[in-house]
There are 2 protein chains.
Amino acid sequence: MSNNISLLNQYWTDIYFYLHYPHKEKISHQVVRILQLIDKRKEIGVGEVASHLNVSHNTASEHVKRMIAKKYLKKERATKDERKVILSLTNLGEEVLYRNTSLDEKKLEHVLNQLNENEKSLIENALKTLSERVKQCM
Amino acid sequence: MSNNISLLNQYWTDIYFYLHYPHKEKISHQVVRILQLIDKRKEIGVGEVASHLNVSHNTASEHVKRMIAKKYLKKERATKDERKVILSLTNLGEEVLYRNTSLDEKKLEHVLNQLNENEKSLIENALKTLSERVKQCM
DNA sequence: TACTTTATATCTTAATATACGATATAATCT
DNA sequence: AGATTATATCGTATATTAAGATATAAAGTA
């Protein structure tokens, strides 16, 4: 089984390596991680960023401050607890995140065009299934 | 079609988000990219690193120097052209790369254990097919 | 063989990013 | 009213990124 897992990981990293967007922005690793967190979870504040990155709350606050200045993020006070801020991605933040974590659309389309309908369906169903199960389990 | 591509990307980024390893090392984005390049391509030297990252050759050389010092990389002179160095990953480099780009094996195994045999086969075949085609096309 | 080109390396400089302790303010809880 | 929580800022130290200037060695070319 763990042989299989390694193999799946090899497929996974191969796919990403060959299909990622050309590296353009010099976006740092912590910026990507924060954008991912806010994109995929709800009600994220500075405390949650600190936990996710495994850094102190003052460090997380500094990161968030810089990302707001770069217009990747925006913040608003929570209504239930006005000490807390809730973070969200700006349009620019979404674009930057997309270019740094998604598969390049043109490359992906180009590859999918080489596949027959069965293979396309196979891939789409597989990713959909895995994605849904992953969300249920985690 | 581009609706579909977006959807596939959403599955893709969801899967990664939920299954990535906990963020431990504070590894920078350029280090990850260099490790990925050397892992997936052959005959990589400083010039190729510079092109891949879109930086100057002296910047690439500095990156490589630091990564050698951290024992992520090792270098050897090419036999055909002794001006050139060929870079390779150390065991440590492989570990660090794996933890920063692969799906967490325990998480992945846990999710796969929730699937029936058909779904498992579907996912494995899909990733294998896509990985193989991607390598052919790119 | 001399000159040109290529590949890499180092030094220096400047800017940015990361990280946290100390300290502060405001809001909520007890 | 005091304790706790959530965030923010400042100061400090270190790391990373990037490139221009300069250098050496190897290969290519006339």
Side-chain angles (χ1 to χ4, degrees), chain A residues 22-38 41-88 92-93 96-97 100, chain B residues 22-38 41-88 92-93 96-97 100:
Chain A
H23 300 315
K24 266 174 45 180
E25 299 88 6
K26 305 311 193 261
I27 180 176
S28 72
H29 62 294
Q30 298 293 53
V31 168
V32 173
R33 289 172 175 174
I34 294 171
L35 292 174
Q36 281 173 319
L37 176 65
I38 297 167
R41 295 260 193 231
K42 294 183 189 320
E43 298 288 304
I44 293 297
V46 171
E48 289 77 21
V49 168
S51 297
H52 187 72
L53 299 185
N54 210 19
V55 298
S56 70
H57 63 274
N58 30 20
T59 298
S61 191
E62 297 281 350
H63 282 311
V64 164
K65 181 173 77 175
R66 270 197 305 280
M67 289 169 76
I68 290 171
K70 288 185 170 181
K71 303 201 188 299
Y72 294 159
L73 292 183
K74 51 185 186 271
K75 76 181 183 184
E76 63 196 75
R77 290 285 161 179
T79 44
K80 287 179 177 175
D81 183 343
E82 288 179 14
R83 295 172 293 182
K84 201 171 162 60
V85 299
I86 303 297
L87 302 165
S88 56
L92 175 62
V96 166
L97 175 61
N100 281 272
Chain B
H23 299 315
K24 267 175 44 178
E25 299 89 4
K26 302 318 192 250
I27 179 176
S28 71
H29 63 293
Q30 298 292 53
V31 168
V32 173
R33 289 172 174 174
I34 294 171
L35 292 174
Q36 281 174 319
L37 174 66
I38 297 167
R41 294 263 192 229
K42 295 185 190 318
E43 299 286 304
I44 293 297
V46 172
E48 289 77 22
V49 168
S51 297
H52 187 73
L53 298 185
N54 211 16
V55 298
S56 71
H57 63 276
N58 29 20
T59 299
S61 190
E62 296 282 347
H63 281 309
V64 165
K65 181 173 77 174
R66 272 196 304 278
M67 290 169 75
I68 290 172
K70 287 184 170 180
K71 305 207 187 296
Y72 293 159
L73 291 183
K74 51 185 184 269
K75 75 180 183 184
E76 63 195 77
R77 289 285 160 180
T79 45
K80 288 179 176 176
D81 182 343
E82 289 178 15
R83 294 172 294 182
K84 199 170 165 56
V85 298
I86 303 297
L87 301 167
S88 56
L92 175 63
V96 166
L97 175 62
N100 282 271

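Residue numbers start from 1 in every chain, and the chains themselves are labelled A, B, ... in the order their sequence lines are given, proteins ahead of strands.
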Audit row: A/I86, A/E43, side-chain contact (heavy atoms from CB on, under 4.5 Å) steps and yes/no: CA-CA 6 Å; A/I86 303 297; A/E43 298 288 304; 3.7 Å; yes
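- At the phosphate of C/dA9, OP1 or OP2 sits under 4.0 Å from a side-chain N or O atom of B/S61.
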Could you tabulate the donor-acceptor pairs under 3.5 Å formed by side-chain atoms of residues 69-78 of chain B, not counting sequence neighbours?
residue: B/K74; atom: NZ; partner: B/L89; partner atom: O; Å: 3.3
residue: B/R77; atom: NH1; partner: B/E82; partner atom: O; Å: 3.1
residue: B/R77; atom: NH1; partner: B/R83; partner atom: O; Å: 2.8

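- Rounding to whole angstrom units, CG of residue A/N58 and P of C/dA22 are separated by 11 Å.
- Contact between the side-chain N/O atoms of A/H63 and the OP1/OP2 oxygens of C/dT18 is found at a separation under 4.0 Å.
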Audit row: A/H63, A/L53, side-chain contact (heavy atoms from CB on, under 4.5 Å) steps and yes/no: CA-CA 11 Å; A/H63 282 311; A/L53 299 185; 4.2 Å; yes
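- For A/K26, there are no salt bridge (charged side-chain N to carboxylate O under 4.0 Å, His left out) partners, not counting sequence neighbours.
- Between C/dT18 and A/K65, no contact under 4.0 Å exists linking OP1 or OP2 to a side-chain N or O.
- At least one side-chain heavy atom of B/M67 sits under 4.5 Å from a side-chain heavy atom of B/I34.
- Within residues 27-38 of chain A, no residue has any heavy atom closer than 4.0 Å to DNA chain D.
- Closest of all the heavy-atom pairs between B/G45 and B/L87 is C-CD1, 4.1 Å.
- Contact between the side-chain N/O atoms of B/T59 and the OP1/OP2 oxygens of D/dA19 is found at a separation under 4.0 Å.
- We find that CD of A/E62 is positioned 18 Å from P of D/dT14, with the value rounded to whole Å.
- Atom CG in B/L87 sits about 13 Å away from atom C1' in C/dA9, given to the nearest Å.
- Comparing B/G47 and A/K26 by the nucleotide of DNA chain C that holds the closest heavy atom to each, the one mapping nearer the 5' end is B/G47.
- For the segment residues 71-78 of chain B, the set of residues with a heavy atom within less than 4.0 Å of an atom of DNA chain D is empty.
- As rounded to whole Å, 14 Å separates atom P of C/dT6 from atom CD of B/E48.
- Atoms CD1 (A/I68) and C1' (D/dT7) sit 11 Å apart, rounded to a whole Å.
- Scanning all heavy atoms of the two residues, the minimum distance from A/K84 to A/E48 falls at NZ-OE2, 3.0 Å.
- Rounded to an integer number of Å, the gap from B/M67 CE to D/dA15 C1' is 15 Å.
- Which of C/dT18, D/dA8, D/dA6 sits closest to the side chain of A/K84 comes down to D/dA6.
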Per-nucleotide protein contact string for nucleotides 24-30 of chain C (B base, S sugar-phosphate only, - none; heavy atom under 4.0 Å): ---BS--
Worked verdict on B/L35 versus B/I27 for side-chain contact (heavy atoms from CB on, under 4.5 Å): CA-CA 11 Å; B/L35 292 174; B/I27 179 176; 4.1 Å; yes
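- Across all their heavy atoms, B/H57 and B/A50 have their closest contact at CA-CB, 3.9 Å.
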side-chain contact (heavy atoms from CB on, under 4.5 Å) between A/V55 and A/Q30, intermediate numbers included: CA-CA 10 Å; A/V55 298; A/Q30 298 293 53; 4.2 Å; yes
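- Here the shortest heavy-atom pairing between B/S88 and B/I38 reads CA-CG2, 3.7 Å.
- Rounded to 10°, the helix from C/dT1-D/dA30 to C/dT30-D/dA1 has 20° between the axis fitted to its first five pairs and the one fitted to its last five.
- Between the side chains of A/R33 and A/Q36, no donor N or O sits under 3.5 Å from an acceptor N or O.
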